[in-house]
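Note sheet for the following structure.
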Amino acid sequence: MRLSDRLALSVLYALKPETAHHAALYALEHHLVASRDEPDDPVLRTSVWGLNFPNPVGLAAGFDKDARVSGAMLSLGFGFVEAGTVTPRPQAGNPRPRLFRLDEDHAVINRLGFNSGGVDAFAQRLVARRGKPGSKGIVGANVGKNRDTVDAADDYVGGIGKVAAIADYLVVNISSPNTPGLRDLQARAALDDLLRRSIAARNRAGGGGRKPPLLAKVGPDLTPAQMNAIAEVALATGVDGLIVGNTTVARPPELRGRDRAEAGGLSGAPLFKPSTECLAEIYRLTKGRIPLIGCGGIADGATAYAKVRAGASLVQLYSALVFHGPGLVRRIKQELTQLLRRDGWNSVAEAVGCDCREPVSRF
Ligand SMILES: Cc1cc2nc3c(=O)[nH]c(=O)nc-3n(C[C@H](O)[C@H](O)[C@H](O)COP(=O)(O)O)c2cc1C
């Protein structure tokens, strides 16, 4: 880690977690963080949904909820950035404190509850970024619902309508544990209805025949029956991809951090194993026919590679940035490159799902 990164991290650690997050956003927005924009090794290049990713390592939703720093995060070396979750109308989210760092566990608990500046301001920022000379990179938009909305699908449809023409991909987030009832949208009938309406909204709103891929983000706390239903609905509706997944409401007994009993979603290192198992199962159930984004506990090249081997065409991370700083992205890419080359893969796409493939009979 660079000395400047180490200094910045120790300053941020002295602040309350949410204040530290705002300080990091300020530094990024005001170009106070050094860019690590450099060409990626060709083995990392990958094409999914017709989009060309310079590398498969993305920023997960929640860091840049209001689309303020997508360009700055891309320049840290991310292959893509997901802005959001954004709600149709602005809302404050849950009362503070609502964000906790579990240092001993390299984990985070959050119950932010979709604090959002609303989709209109979000969309304006995406448009402004696109209009800037030299702006490049893949930016997705993750949409959610306002806490007090009764017909959830209305909010997703409204959000998609506002961002479909300006985002590179769309995500319906149905797995945050901090909005009451949200995760019920993962049940078979509700999911089928939501995805069909969301896809129709995307098709209407894309503009100029443009149809950005539409993904659903699911949680890691699914029963086998729920996973089965999600896989079947995904295949039947033609949704373009799944993100597996969100934070967990489980509290593994080995957690040591003082705030481990706080309510909310747990992310970071303890999420790696359960979320990777869930990813592998969904890859198996969808027979590798739908691109998956693996997310949960990625902190180095080995954990990113394990997600790829379990079925992820792309990966995302958030919590590890809190503990390792912005230089982490570059390190993960270097380590992932070495691991892919060590195992003889010519491209990351070749390795996708290799741990889950049925052994092929030679006879
Ligand atoms: C503080 C915080 C806020 C988050 N907010 C969102 C969000 O708004 N939308 C969403 O889809 N996921 C959100 N997430 C979940 C992350 O996108 C990711 O799925 C999860 O943290 C697992 O990845 P990680 O272990 O690398 O952090 C949030 C996570 C954290 C830590």
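Order of listing sets the numbers, starting from 1, for every ligand and every atom in it.
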So, regarding [X] and ligand 1 (criterion: nitrogen or oxygen to nitrogen or oxygen, under 3.5 Å), is there a contact or not?
| X | value |
| --- | --- |
| Lys217 | yes |
| Ala61 | yes |
| Lys65 | yes |
| Leu112 | no |
| Gly297 | yes |
| Thr85 | yes |
| Tyr318 | yes |

**Request:** Name the closest protein heavy atom to atom 27 (O) of ligand 1, giving the residue it belongs to and the distance to 0.1 Å.
**Result:** Ser319 OG, 2.6 Å
**Prompt:** To which protein heavy atom is atom 4 (C) of ligand 1 closest, and what is the distance rounded to 0.1 Å?
**Reply:** Gly62 CA, 3.6 Å
**Message:** Here's a test for you: under side chain to side chain contact (heavy atoms under 4.5 Å, CB included), which of Asp120, Val157, Asp155 qualifies with Pro88?
**Reply:** Asp155
**Request:** Classify the contact between Asn246 and ligand 1 as side chain, backbone, both or neither, using a heavy-atom distance cut-off of under 4.0 Å.
**Result:** both
**Message:** Heavy-atom pairs closer than 4.0 Å: do any link ligand 1 to the side chain of Val171, the backbone, both, or neither?
**Reply:** neither
**Arg89 and Asp148 ion-paired at < 4.0 Å** = yes
**Asked** Got a salt bridge between Arg309 and Asp355, using NZ or NE/NH1/NH2 to carboxylate O under 4.0 Å?
**Response** yes
**Request:** Would you tell me whether Asp240 and Tyr169 have side-chain atoms, one donor and one acceptor, within less than 3.5 Å of each other?
**Result:** no
**Request:** Would you check if there is a donor-acceptor pair between the side chains of Asn246 and Ser175 at a distance under 3.5 Å?
**Result:** yes
**Item:** Where ligand 1 meets Cys295 - atom numbers and elements under 4.0 angstrom, heavy-atom basis
**Value:** 18 (C), 19 (O), 22 (C), 23 (O)
**Item:** Residue pair Val143 / Lys162, side-chain heavy-atom distance below 4.5 Å
**Value:** no
